[in-house]
Amino acid sequence: MPDAGTVTESARGPGRSTPFGTERDPSRVVAFSDAVIAIAVTLLVLEIRPPEDTRHLLHGLAALWPSYLAYGVTFMLIGQIWANHHVMFDQIRTADRVVSTIDSAGVRAIGRRFRLALTWIAVGTLLGAVLPALGVAVIAAFIPFYWLPIRGELAGARPR
């Protein structure tokens with residue numbers, strides 16, 4: 001039930017914009033980002049081309065292994081971003097036009113995780129420019145680590 005300061009859609013009327021600072025359930029933001037991420041994952045598959053030599057299909061498919069590997073790693077990275085987005089919004093109780101606040105411990109934990117991600121992916125990218133297989137290996141190795149819960153995440157998360 002909304003508190004006295006919350007303006008509901010029925011009180012505003014259909015199609016009217018929400019006044020600045022009005023808090024709402026963040027599920028709309030989450031649903032929108034889920035749709036954007038689904039589109040991004042779908043677009044990944046467009047870069048995978050069938051082998052040109054269909055007479056030797058297995059050989060042609062095996063020759064395309066870099067495309068399949070890139071798809072798999074990129075799919076996992078986008079999945080990681082999606083999961084982190086949900087972790088972040090598990091901590092956010094309400095949203096306004098500037099997104100509502102979370103406690104400082106949650107901000108620090110999520111910030112550390114994001115900074116580590118940027119550093120790790122940057123290192124993998126730089127290594128990949130010199131030795132592509134090593135770059136892919138570094139980025140791929142990061143994925144299982146990143147799926148581990150953030151300290152304090154499970155205790156503070158609200159149920160969906």
Side-chain angles (χ1 to χ4, degrees), residues 1-3 5-12 14-48 65-129 132-160:
M1 174 166 188
D3 62 322
T6 302
V7 178
T8 63
E9 185 165 326
S10 60
R12 283 192 322 270
R16 298 195 47 211
S17 85
T18 304
F20 184 81
T22 301
E23 294 180 349
R24 349 174 198 196
D25 180 357
S27 62
R28 289 177 49 180
V29 175
V30 173
F32 176 77
S33 62
D34 286 351
V36 170
I37 289 170
I39 291 168
V41 169
T42 302
L43 291 175
L44 286 176
V45 80
L46 296 178
E47 289 302 313
I48 298 179
W65 72 267
S67 294
Y68 299 130
L69 180 61
Y71 172 81
V73 170
T74 306
F75 182 90
M76 294 299 291
L77 286 172
I78 290 175
Q80 183 175 321
I81 292 166
W82 175 78
N84 290 334
H85 189 265
H86 279 266
V87 166
M88 183 176 66
F89 272 89
D90 282 343
Q91 305 301 316
I92 297 173
R93 304 292 185 251
T94 60
D96 57 21
R97 292 182 185 214
V98 293
V99 184
S100 55
T101 59
I102 62 174
D103 66 12
S104 59
V107 170
R108 284 192 304 275
I110 292 170
R112 277 191 307 273
R113 176 68 62 102
F114 289 172
R115 282 189 300 280
L116 177 61
L118 290 174
T119 302
W120 198 314
I121 291 170
V123 168
T125 301
L126 292 173
L127 288 172
L134 182 59
V136 169
V138 168
I139 292 173
F142 183 63
I143 293 168
F145 166 77
Y146 213 77
W147 283 93
L148 296 173
I150 297 171
R151 183 177 14 170
E153 168 190 337
L154 297 178
R158 66 179 165 92
R160 291 189 175 249

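All figures in this text were calculated on a predicted structure; none of them were measured in a lab.
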Side chain to side chain contact (heavy atoms under 4.5 Å, CB included) involving Ile78 - partner list, sequence neighbours excluded: Ile37, Ala40, Val41, Leu44, Thr74
Pairing residues for Phe75 by the ring-ring contact (aromatic ring centres under 6.0 Å, His included) criterion, not counting sequence neighbours: Tyr71
ring-ring contact (aromatic ring centres under 6.0 Å, His included) against Trp120, all qualifying residues, sequence neighbours excluded: Phe142, Phe145
Min side-chain heavy-atom separation Ile139-Leu127 under 4.5 Å: no
Partner residues of Leu43 under the side chain to side chain contact (heavy atoms under 4.5 Å, CB included) criterion, sequence neighbours left out: Ile39, Leu46
By side chain to side chain contact (heavy atoms under 4.5 Å, CB included) - contacts of Ser67 (at least two apart): none
Residue pair Gln80 / Asn84, side-chain heavy-atom distance below 4.5 Å: yes
Contact summary for Gly124 and Val138, nearest pair of heavy atoms: CA-CG1, 3.8 Å
Qualifying residues under side chain to side chain contact (heavy atoms under 4.5 Å, CB included), relative to Ser33, sequence neighbours excluded: His85
Closest approach of Pro144 to Ala140 (non-hydrogen atoms, all atoms of both residues): CD-O, 3.2 Å
Between CD1 on residue Ile143 and CD1 on residue Ile121, distance to nearest 0.5 Å: 8.0 Å
